[in-house]
Amino acid sequence: MRLRRRSAAEDETWDDVPAAQPEEEAVDSEEETGWQTSTAGLSAASRLARIGAWVLIASGPLLGVASLLGSSSPAQGTPVKAPTSQSASDTGPGGWAQLYVTAYVEAGQGTESSLNPFFSGSVTLTNAPGKRSATSTVAVASREVQPGYWSVTVAARVAQKTAKGAWVDAGLQYYQVPVQALGPASAGGTKKSDNSATGYAATALPAHVAAPASLKPSSLGYGTDRGNNPADPATQTISGFLNAYLAGKGGLDRYTSPGVTLQPVAPAPYTDVEITDVADDSGNASSTAVPGDGAVRHALATVTAKDDSGSSYPLTYTLSLHSRGGRWEVASLDTAPVLQRGSGPALVAPSPDSDGSDSADASPSPSS
């Protein structure tokens with residue numbers, strides 16, 4: 001192969017190309033490659049390769065755009081993925097309604113514009129602004145009246161300023177808010193056009209309504225009231241455990257089953273815990289004997305916790321107990337009281353802090 005020498009004019013055309021790095025010594029052997037190439041030939045070839053690399057780098061963005069444009073129509077036979085449906089807002093109608101109620105409670109004459117992000121209708125307020133404040137809000141009910149249109153009830157703790165400028169508690173107030181989702185139907189909205197903005201809007205001002213009626217829960221599955229007998233082994237275990245858990249009195253390991261891992265409340269919020277009452281599913285309040293190993297008992301403990309200021313607070317805890325070695329041990333600190341269901345209690349899942357060792361699957365023990 002014969003390579004010609006570049007002229008001086010050709011050399012000038014390479015001025016804009018980055019300086020070449022030192023080249024490795026060429027191998028001049030027909031036996032190895034079948035080509036006889038000089039060192040000068042390899043230098044020219046490497047320069048051409050670098051020119052090609054620079055051309056590819058410069059054309060990269062253009063190639064990327066062409067690729068995107070070319071991929072706008074899927075190839076024949078390729079399945080098209082359906083667009084993912086999105087909600088009208090990340091906060092949801094409940095959270096949005098809370099913001100609206102907060103703005104409404106605090107607005108007044110001259111500050112009606114604070115409601116514009118929520119309600120586009122004409123509003124004229126005659127009360128002085130800044131006389132009320134929503135110190136906290138929570139959506140307590142939400143009902144979809146029709147697709148994309150909700151009625152949300154918001155509870156607001158309202159503080160009111162007196163004539164002397166002092167703030168007083170005006171109580172818990174409830175407001176009903178009509179909220180419409182706007183935007184394309186694919187985003188959960190009620191508009192047919194895909195060019196609509198996505199979000200929420202109130203169709204009216206909030207309505208001050210009465211508090212929702214109180215509901216009575218189901219009966220609990222603890223049919224045996226054991227009182228606060230300090231000689232009862234189960235009560236002793238519960239008392240020692242809760243004093244370690246809430247008041248930092250000793251370690252929890254003394255009162256838990258092997259393998260159960262629970263962490264105390266830290267720092268300890270109370271100095272002492274007294275048992276007020278214990279109810280369980282044993283079926284026999286008069287017997288305090290501990291059954292053989294492996295028996296399960298579910299207990300509901302009402303306690304009085306005292307802090308270092310001398311104040312006392314009632315608390316309720318639900319626990320699963322296992323018998324072992326003639327004593328009761330805490331197998332789990334349950335997340336909710338057992339509800340009565342049919343002839344026997346419905347078991348609850350153990351606390352995430354426990355290892356869940358067969359406490360959720362075990363059946364209640366026979367009456368002890």
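- Note: Tyr100 OH to Thr137 OG1 = 14.0 Å, rounded to the nearest 0.5 Å.
- Between the Thr111 side chain and the Gly108 main chain, a donor and an acceptor come within less than 3.5 Å of each other.
- Shown here for Ser114 and Ala107, the closest heavy-atom pair between the two residues is OG-CB, 3.6 Å.
- Looking at Val177 and Tyr104, their side chains never come closer than 4.5 Å, going by heavy atoms from C-beta outward.
- How far CG of Asp281 is from CG of Leu220: 12.0 Å, rounded to the nearest 0.5 Å.
- Residue-environment remark: CZ (Arg327) exceeds the threshold of 12 foreign heavy atoms within 6.0 Å.
- Less than 6.0 angstrom separates the ring centroid of Phe118 from the ring centroid of Trp96.
- Remark: the Tyr149 side chain and the Thr203 side chain contain an N/O donor-acceptor pair separated by less than 3.5 Å.
- Contact of the Asp272 side chain with the Tyr270 side chain is not registered, since no non-hydrogen atoms from C-beta on lie closer than 4.5 Å.
- At a threshold of 4.0 Å, the pair Arg226-Asp232 counts as salt-bridged, since one of the basic side-chain nitrogens sits closer than that to a carboxylate oxygen.
- For the atom pair OG1 of Thr318 and CG of Leu300, the computed distance is 7.0 Å after rounding to the nearest 0.5 Å.
- In this structure, the side chain of Gln173 does not engage the main chain of Arg157 through any donor-acceptor pair within 3.5 Å.
- Taking each heavy atom of Ala244 and Gly250 in turn, the nearest pair found is CB-O, 3.6 Å.
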_Candidate pair Asn116 and Val123, rule side-chain contact (heavy atoms from CB on, under 4.5 Å), full reasoning_ = CA-CA 9 Å; Asn116 290 346; Val123 180; over 6 Å; no

*What's the verdict on side-chain contact (heavy atoms from CB on, under 4.5 Å) for Val330 and Thr237, showing C-alpha distance, side-chain angles and the deciding distance?*
CA-CA 8 Å; Val330 175; Thr237 295; 4.0 Å; yes

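- In this structure, the side chain of Asp280 engages the main chain of Ser282 through a donor-acceptor pair within 3.5 Å.
- Between Glu106 atom CD and Leu115 atom CG the span is 10.5 Å, to the nearest 0.5 Å.
- Here the side chain of Ser323 pairs a donor or acceptor atom with the backbone of Gly292 at under 3.5 angstrom.
- Atom-to-atom distance recorded for Ile275:CD1 and Ser239:OG is 4.5 Å, nearest 0.5 angstrom.
- At least one side-chain heavy atom of Tyr245 sits under 4.5 Å from a side-chain heavy atom of Val265.
- To the nearest 0.5 Å, atoms NZ (Lys131) and CH2 (Trp167) are separated by 8.5 Å.
- In this structure, Asn243 contributes its side chain and Leu246 its backbone to no donor-acceptor pair below 3.5 Å.
- Listed for the Gln98 side chain is no donor-acceptor partner under 3.5 Å among the backbone atoms of Thr102.
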*Please step through side-chain contact (heavy atoms from CB on, under 4.5 Å) for the pair Leu321 and Glu329, ending with a clear verdict.*
CA-CA 5 Å; Leu321 306 178; Glu329 297 174 335; over 6 Å; no

*Just do the salt bridge (charged side-chain N to carboxylate O under 4.0 Å, His left out) check on Glu274 and Lys306 with the steps written out, would you?*
CA-CA 8 Å; Glu274 295 181 358; Lys306 298 180 181 179; 3.4 Å; yes

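- Residues Pro230 and Gln236 come closest through the heavy atom pair O-NE2, 2.9 Å.
- Here the side chains of Trp150 and Val145 are not in contact, with every heavy-atom distance at 4.5 Å or above.
- Tracing side-chain contacts under 4.5 Å through hydrophobic residues (I, L, V, M, F, W, Y), one reaches Leu262 starting from Leu315; they form part of the same cluster.
- In this structure, Leu319 and Ile238 have side chains that are in contact, with non-hydrogen atoms separated by less than 4.5 Å.
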*asked:* side-chain hydrogen bond (donor to acceptor under 3.5 Å, both in side chains), that's the test. Do Ser312 and Thr304 meet it? Break it down for me.
replied: CA-CA 6 Å; Ser312 300; Thr304 299; over 6 Å; no

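- In this structure a side-chain-to-backbone donor-acceptor pair under 3.5 Å is missing from Gln176 to Pro206.
- Looking at Tyr255 and Trp328, their side chains never come closer than 4.5 Å, going by heavy atoms from C-beta outward.
- Residues Ala210 and Tyr174 approach most closely at O-CB, 4.1 Å, considering heavy atoms.
- Here the side chains of Ser332 and Ser320 are in contact, with some heavy-atom distance below 4.5 Å.
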*asked:* Evaluate Tyr175 against Thr153 for side-chain contact (heavy atoms from CB on, under 4.5 Å), listing each step before the verdict.
replied: CA-CA 6 Å; Tyr175 293 88; Thr153 302; over 6 Å; no

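- Under the 4.5 Å side-chain criterion, counting only non-hydrogen atoms from C-beta, Thr256 is in contact with Phe241.
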